[in-house]
Amino acid sequence: KCAASTNRTLRLPSEASCSLGWSSPWSKSNWRCESSFPGIGAVEHSGFDSGPLLIATREDGGAVALTNNGNTPAEDYVEVVMPAGWQRVRLAQTDPFGGALSPDGRWAVTGSFSEPGARLWSLPDGQLRQTLDHVGIVLGAAFTEDGATLWLWGDKAVQRIRTDTWTPISPPIARLFPAFAVSPGGKFAASISGNDVILHRAADLTELARLPAFVGSAGSARLAFSGNSNRLALHTARGTVVVWNLPALDEELRAQNMETIGEK
């Protein structure tokens with residue numbers, strides 16, 4: 001739920017952009033879509049109540065997932081929007097919080113901040129296919145680039161799930177994971193522990209390095225890798241952004257005759 005005036009801009013195909021804006025927890029949100037030519041944008045009420053919160057985007061920009069938190073659980077949902085034709089698929093999810101969209105457009109995963117586990121939905125029919133077991137609540141989810149693996153993380157653990165069978169690849173790793181990210185290509189992962197950002201080897205989550213954030217408590221943060229995996233960014237709840245240059249970190253370790261990230 002959003003307590004302040006906010007706008008988010010999504011970069012989408014065909015040189016178009018869409019903004020999501022809202023002004024208070026009680027106001028309706030608006031879409032504004034504009035092409036690369038000025039003056040032809042139009043505002044359309046999205047129909048959302050409080051929020052919406054953007055919880056997932058498809059890599060090709062063909063779909064986004066947004067949360068709606070209504071006055072009752074029956075009014076809660078995640079809506080998958082495909083901007084090309086404004087097709088919308090509504091997924092019933094109580095207290096929606098985290099989610100992911102598969103790269104091939106076939107699947108959506110949603111999580112709740114009040115219920116453990118996650119829900120798996122097929123697209124575009126919006127049918128609930130099964131519940132994915134997870135220890136604790138799911139604060140976030142992400143598919144790998146090839147769509148073969150789904151990561152789930154939350155207040156008690158992180159785990160990987162095979163998407164051909166929707167079964168765990170290995171036992172969950174028990175710890176609070178308020179934020180988590182996997183690099184493109186799946187070589188690295190990053191998580192938050194206290195005031196540190198931890199860089200992992202994604203294959204087994206072996207710790208490679210601890211990166212002090214120097215910004216106080218990370219709070220409700222977000223982590224993201226750049227497209228070439230050379231940079232890792234942290235966005236804290238206070239609005240602070242920290243970016244680490246991973247190749248430069250390796251050079252620093254090598255200069256001190258220490259084991260580099262790539263060698264671990």
Side-chain angles (χ1 to χ4, degrees), residues 10-13 18 20 46 48 51-69 76-154 157-173 177 179-186 189 202-203 222-225 227:
L10 315 176
R11 290 297 171 186
L12 302 168
C18 289
L20 285 172
S46 68
F48 286 86
L53 297 179
L54 174 65
I55 60 170
T57 60
R58 210 170 70 198
E59 285 300 315
D60 63 0
V64 297
L66 310 160
T67 65
N68 184 83
N69 294 90
D76 291 350
Y77 59 84
V78 171
E79 188 163 89
V80 179
V81 182
M82 285 148 272
W86 289 112
Q87 181 181 1
R88 301 179 182 188
V89 181
R90 188 167 292 187
L91 313 174
Q93 173 64 69
T94 303
D95 295 325
F97 193 83
L101 299 171
S102 66
D104 61 8
R106 296 178 56 200
W107 306 104
V109 173
T110 62
S112 166
F113 61 76
S114 63
E115 299 175 349
R119 294 179 181 180
L120 174 69
W121 311 81
S122 57
L123 296 175
D125 59 14
Q127 295 298 307
L128 178 62
R129 296 302 176 180
Q130 68 181 84
T131 298
L132 302 175
D133 292 332
H134 182 74
V135 180
I137 61 175
V138 171
L139 298 175
F143 285 89
T144 54
E145 280 188 313
D146 59 7
T149 303
L150 170 70
W151 289 86
L152 298 176
W153 62 90
V158 64
Q159 67 176 336
R160 291 180 297 165
I161 293 176
R162 295 177 47 156
T163 58
D164 56 349
T165 60
W166 301 108
T167 57
I169 294 175
S170 56
I173 296 177
F177 285 83
F180 186 82
V182 181
S183 67
R222 293 292 182 268
L223 290 165
F225 286 90

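Side-chain atoms of T163 come within 3.5 Å of backbone atoms of G147 as a donor-acceptor pair (strictly under, hydrogens ignored). R90 contributes no side-chain N or O that, together with a main-chain N or O of G126, makes up a donor-acceptor pair within less than 3.5 Å. Checking side-chain atoms of Q159 against main-chain N and O of V135 turns up no donor-acceptor pair under 3.5 Å. Without hydrogens or angle criteria, D76 side chain to D95 main chain gives a donor-acceptor distance under 3.5 Å. Listed for the R58 side chain is no donor-acceptor partner under 3.5 Å among the backbone atoms of M82. Looking at H134, its side chain never comes within 3.5 Å of a backbone N or O of P172 through a donor-acceptor pair.
Of the inter-residue distances, the one linking I169 atom CD1 with T167 atom OG1 reads 8.0 Å to the nearest 0.5 angstrom. Between atom CZ of residue F97 and atom CD1 of residue I137 there is a gap of 7.5 Å, rounded to the nearest 0.5 Å. Taken from CG in L132 to OG1 in T110, the straight-line distance is 9.0 Å, to the nearest 0.5 Å. Atom-to-atom distance recorded for L66:CG and Y77:OH is 9.5 Å, nearest 0.5 angstrom. Here the CD atom belonging to Q93 is positioned 10.0 Å from the CG atom belonging to N69, to the nearest 0.5 angstrom. Interatomic distance, CD of E79 versus OG1 of T67, reported as 11.0 Å (0.5 Å rounding).
Under the side chain to side chain contact (heavy atoms under 4.5 Å, CB included) test applied with W121, the options V80, L91, V89 reduce to a single match, L91.
Screening residues 141-151 for side chain to side chain donor-acceptor pair (under 3.5 Å), with sequence neighbours left out, gives T144-D146. For residues 99-109, there are no salt bridge (charged side-chain N to carboxylate O under 4.0 Å, His left out) pairs, not counting sequence neighbours.
Listed here is the closest heavy atom pair of L123 and G105: CB-O, 3.4 Å. P184 and F225 get closest at one heavy-atom pair: CD-CB, 3.9 Å. The heavy-atom pair separating D125 from S122 by the smallest distance is OD1-OG, 2.6 Å. Here the closest non-hydrogen pair linking G186 and A202 is O-CB, 3.2 Å. Shown here for G117 and V138, the closest heavy-atom pair between the two residues is O-CG2, 3.4 Å. Of all heavy-atom pairs between T94 and S114, the closest is CG2-OG, 4.4 Å.
Aromatic ring centroids of W153 and F180 lie under 6.0 Å apart.
Atom CD of E59 is surrounded by 12 or fewer heavy atoms from other residues, nucleotides or ligands within 6.0 Å.
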List the steps and the verdict of side-chain contact (heavy atoms from CB on, under 4.5 Å) for W107 and L120. CA-CA 7 Å; W107 306 104; L120 174 69; 3.8 Å; yes

side-chain contact (heavy atoms from CB on, under 4.5 Å) between L101 and F143, intermediate numbers included: CA-CA 7 Å; L101 299 171; F143 285 89; 5.7 Å; no

